[in-house]
Asks: 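Have a look at this one.
All chains are named by letter (A, B, ...) in the order of the sequence lines, taking the proteins before the strands, and each is independently numbered beginning at 1.
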Amino acid sequence: MLSRVADHLYWMSRYIERAENIARLMQVSVELLLDGGRGAARKDGDYWSPVLAATAMEDTFHILYPDPQPGDSSYFLTLDERNPDSIRSCIREARKNARTARDQISDEMWAELNQLYLLIDSDRGAALLEATPQSFFEMIIQSSLLFDGITSATLSRTEGWHFLQLGRFLERADKTSRFLDIKGQSADPSDTALEALEWGTILRACSAQASYRRVNGTEFSAERVLDLLLLSTDFPRSVRFCVRMADEMLRNITGTLNGRYSNRCEKLAGALLARLNFAAASDVLERGLHDYIDDLQVALNETAHAIFETYVLIPQDTTQNIIHLPTFDPLGYHYQQQQQQQ
Amino acid sequence: MKLRIIHLTEYRYAHPVHGNFNELRLSPVQSRWQDVPFFLLRVLPSSRVQRFVDFYGNTVNYFEIEEPHQELVIETTSSVNTLDRYTAGEPLAVPLSALDCSEDQSRLQPFLQPSGPVEFPPEIWRAAVDVRHSHRYSFELAKGLMEFVFHNCLYLAGVTDVFTTSSQFFHSRQGVCQDFSHLLLALCRSVQIPARYVSGYVYDAMRRDLRGAHASHAWVEVWVPGSGWHGLDPTNNCLTREHYVVLAVGRDYQDIAPVRGTFWGIADRAMRVSVHIEERA
Amino acid sequence: MLLKPYRPADLFDELIDGNGQVRPYYQPVADRLFQLEPADLAHKVKNLELLFLKHGVTFTVYGDERGTERVFPFDPVPRLIPALEWETVEAGLIQRITALNLFLYDVYHEQKILSDKVIPEEVVLSAAHFRPEFVGIKVPRNTYIHVCGTDLIRDRDGRYLVLEDNARCPSGVSYVLENRAAMKRVFPQLFGSSGVRPVDTYPADLLATLQYIAPRQTALPNCVLLTPGVHNSAYFEHSFLARQMGIEIVEGRDLTVLDEFVFMRTTHGLKQVDVIYRRIDDDFLDPKVFRKDSMLGVPGLVDAVRRGNVALANAIGTGVADDKVTYAYVPDMIRYYLGQEPILDQVPTFLAWREEDRKYILEHLPELVVKAANESGGYGMLIGPMATKAEIEEFRHRIEATPRNYIAQPVVYFSQHPTLIDGALEGRHVDLRPFILCGETVKVLPGGLTRVALKRGSLVVNSSQGGGSKDTWVLSQ
């Protein structure tokens, strides 16, 4: 597969997953806003700041809106085209990547994504957000999940699939960890009502409330939430689950066995997975949630960067080796044999 | 029958040649039996292609490539719609004597004389007279002569060349369609049946392994007074019906060679000819 | 029902003959189509356009920073071409493309047609798209134009005239295929027993054409489609064709040249490329040779082409054949290289660089259509009878300043075809762009793209300027 196309597929699914996660967090936050009376009274700006933090867009927001008015931050996160990580920008980028890799995805995938884009990019999108924000967020989430389902039902499990899944799971690991960090940065653990409200928000943003209750009842404890969202082997939005999937996808691309690596990104992903495999929630809290997540973020970013270097940039370097080949024909044949083995 | 024909001739010269002048008789004849809605000739290296109509009514394209070159491609594409010449039956009841009182006689003289490779020394005349013995009608006799050629000669490529005469072939009895046709011409003419040489294509619709189906083919047409020219294919021992396409007619091969040319340079060259014929929808 | 209010104009009408009767070959379709309720028909078309939008069957509007994509408006009334009529058009196109290829070979080798003074030397040597650096370079199979889109119109008598040849990167074929698919889906009942010749073999034929010119004759040569990228107006078509052919669609940055061979960067290293179906103009192909500022091209590509290590379709320098001044000489080319008369006529053309022609043009500007020699897509054009005084004066100055760049033709009012406008049938001008492939043999896609000027009286059919399209049916008998 063309390196650039692999890159497009990876980013397409990353952006869709990103849009979904922003929508998830905003959806539960809007509910909290309605519940505002139960927590401390908050200004609009304050209220959205955890969401801004979770998308790492605080700085951009403050530059664009030096004097934020109510509604600014919500617009910034949803439809503002100047924000490269607004839901609208994410969907637009996802579609752009899809359009460029159009020959590698199924018609159904394209149609679903394109339809979502056409809606969000039109006045209908803004009208929907204005009238019923909840429906707007729901639509984004639904659409992303549907896209995932269509992908799984229509795309061959070849290289394209691996890159696509890689993007989705790395993004999801990143966002789940950032959601947890909202709590990691929260200052006051003594207010138990607020504590419960906040943990509840995060769980719901990750569609994890039911799973949590099934195991733990209605009591919220940091340790148990971390067990589920950070370290669960079964829950599909937990960081460990996502990293395990990313590790598997990477090894599928090269055909490397479990527990081994053949390039730098596999090494980094494998090492991160091993760390999560042997971590316990108590160790995390001991280290400090925020610091632990910081380390995690660095590891995730390094892995993503290594993927880019290995699969998108590296072929430029391999040119050095190829120059010395006496004839070019074996190269072509060689590649085709490899392709059939996949 | 609606046919499409692609005829490709490629020369490769071992050393650059120049002054390559060629005459082509490759465009199908327009006639009552044969309509040509499309004809295209492509010559590479590209050159000015000119055209004239020769003494026998054939269209001749010619060109000259002055600059040095090592490769020459001549490709024609034709669409031809043919009709069956024999739907009204064969012109059977025309006696041999009919020609004597025909006013066409003087016009037909060239097709009654020896010409180029068409020689008819006494032994050929003798063979023709032996066949005539059993026939009274001219077309019947012509068919008899065709059968004589077919049954007494063997199709074998590579033993004759473009200069082989009917006498040589009569002795060796081995050759290709050109030789079969030259001999039939000699036999016909020696018993006063006007006969001309035809070059063209045969479409092997039934895949019966017709001779000449993968190259340009040659056969003979005989004149039947009051009825016109009628084709006989001595190589395949049959009448030429709608699966035959006429490119040119003349006294003999030398008059109407499909591709004939001269060039300056070293003669070392290879030629590749392919004819592809298919039915159109 | 729909047909009643339709009035043919004083032009060639594709549906109605000179006696006011529906042309016989049209009758079966007319009978079925005009039974439908106008509102129903309009509704179906609306749904179809939504479907096109959903599936991204769009073109990008230039000069719009947000890169707006639009659906090419689709008209449901098919254009019919009877078998015999098509046979002539097809023969004429094959003849024309063969002559153009022989001309290009000649111009890039001996230039005999110039030394024989059949075409003035300065016409070719001054053409903006002539590439002197390619004189003497061998191209695979000696073919230059592999894919050609030739625009045809019909005059008052219904004669087909060649309006222009698009011998560089003609686009539009994807609409031919998509329109047919749409018609089959929405109006299956129309097809009935009409015997419409299929168009869906085009991608396979195009691939065979590309494989035919591969320098390395392996079992499966690596062919790729080179696109300027997702922002190009025809990007949909690029990705559509690549998908249909099952080949990679690449951008310049995906390719790299080593030792004069071309490779593409894949996740498993470099893979050699044999044939590039490029949808990028010559100027942008290789920043080392042509435009230095091109970000779209591949440095070193031209060297690889010169070495014969990679084949380009179309070859570099075909623009000299579709230059509008060269156009005036195509009939002479056909006579020169093929020894035949042209089968298809073309529009009489005045060349501004010829003194007497220029004088005529400048005196008759309000009656003529003036075109820039090297532009396409309806840009750089003046339609005299519809132009304002200021526009005419502007063109007068332009022509006087650079006469080589302009030609003029009498206005030919294209034939008109019934078209669904606001729920009723009205006559609109149509042209026809058949697509021709030159591989081992020359193949013409039956029909082609019928473009229709949706504005009443307009003669501009380009997608970028208010044109739409129709499905084109070549009848099998």
Asks: How long is the gap from CD on Gln111(C) to CD on Glu67(B), to the nearest 0.5 Å?
Replies: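 It comes to 11.5 Å.
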
Asks: In terms of heavy-atom pairs under 4.5 Å, which option from Leu102(C), Asp116(C), Val118(C) contacts chain B the most?
Replies: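 Most heavy-atom pairs under 4.5 Å with chain B: Leu102(C).
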
Asks: With a sphere of 6.0 Å drawn around CZ of Arg307(C), does it hold more than 12 non-hydrogen atoms of other residues, nucleotides or ligands?
Replies: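 No, CZ of Arg307(C) has 12 or fewer neighbouring heavy atoms, counting only those of other groups under 6.0 Å.
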
Asks: Using heavy-atom distances under 4.5 Å, tell me whether Arg48(B) contacts chain C through its side chain, its backbone, both, or neither.
Replies: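 Its backbone and side chain both get close to chain C.
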
Asks: Would you check if Thr441(C) and Thr77(B) make a side-chain contact, meaning some heavy-atom pair closer than 4.5 Å?
Replies: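 Thr441(C) does not reach Thr77(B) side chain to side chain.
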
Asks: Quick check: does any side chain N or O of Gln340(C) sit under 3.5 Å from a backbone N or O of Phe39(B), one acting as donor and the other as acceptor?
Replies: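 Side chain of Gln340(C) to backbone of Phe39(B): a pair is present.
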
Asks: Tell me whether Glu66(B) is salt-bridged to Lys112(C), with the criterion being a basic N under 4.0 Å from an acidic carboxylate O.
Replies: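 No, no charged N to carboxylate O under 4.0 Å.
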
Asks: Identify which part of Glu440(C) has an atom lying under 4.5 Å from any heavy atom of chain B, answering side chain, backbone, both or neither.
Replies: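 Backbone of Glu440(C) only, per the 4.5 Å heavy-atom cut-off to chain B.
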
Asks: Testing Asn142(C), Asp106(C), Asn101(C), Thr143(C) one by one against Leu44(B) for a side-chain contact (heavy atoms from CB on, under 4.5 Å), which residue passes?
Replies: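 The residue from Asn142(C), Asp106(C), Asn101(C), Thr143(C) that satisfies side-chain contact (heavy atoms from CB on, under 4.5 Å) with Leu44(B) turns out to be Asn142(C).
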
Asks: Can you tell me which portion of Glu110(C) sits under 4.5 Å from chain B's heavy atoms? Options are side chain, backbone, both or neither.
Replies: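 Looking at Glu110(C), just its side chain touches chain B.
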
Asks: Looking only at non-hydrogen atoms, find the nearest pair between Gln95(C) and Leu40(B) and report the distance.
Replies: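 Smallest interatomic distance, heavy atoms only, reads CA-CD1, 3.8 Å.
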
Asks: How would you list, by chain and number, every residue that makes a ring-ring contact (aromatic ring centres under 6.0 Å, His included) with Trp219(B), sequence neighbours excluded?
Replies: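 With sequence neighbours excluded, Trp219(B) shows a ring-ring contact (aromatic ring centres under 6.0 Å, His included) to His217(B), Tyr244(B), given in chain and number order.
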
Asks: Go through Val43(B), Leu8(B), Asn61(B), Val73(B) and name the one with the most non-hydrogen pairs under 4.5 angstrom from chain C.
Replies: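 Looking at each of Val43(B), Leu8(B), Asn61(B), Val73(B) in turn, Val43(B) comes out on top.
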
Asks: Over all heavy atoms of both residues, which pair between Tyr105(C) and Ser46(B) is shortest? Give the atoms and the distance, please.
Replies: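 Result for this residue pair: CD2-OG, 3.1 Å.
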
Asks: Pick one of side chain, backbone, both or neither for Ile94(C), based on which atoms fall under 4.5 Å of a heavy atom in chain B.
Replies: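 It is both, since atoms from each part get that close.
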
Asks: Could you walk me through whether Arg280(B) and Glu87(C) satisfy the side chain to side chain contact (heavy atoms under 4.5 Å, CB included) test, starting with their C-alpha distance in whole Å, then the side-chain angles of each, then the deciding distance to 0.1 Å, before giving a yes or no?
Replies: CA-CA 12 Å; Arg280(B) 289 179 297 141; Glu87(C) 209 168 285; 4.2 Å; yes

Asks: Going by residue number, which parts of residues 257-269 of chain B are within reach of chain C, meaning a heavy-atom gap below 4.5 Å?
Replies: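 No residue falls under the 4.5 Å cut-off.
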
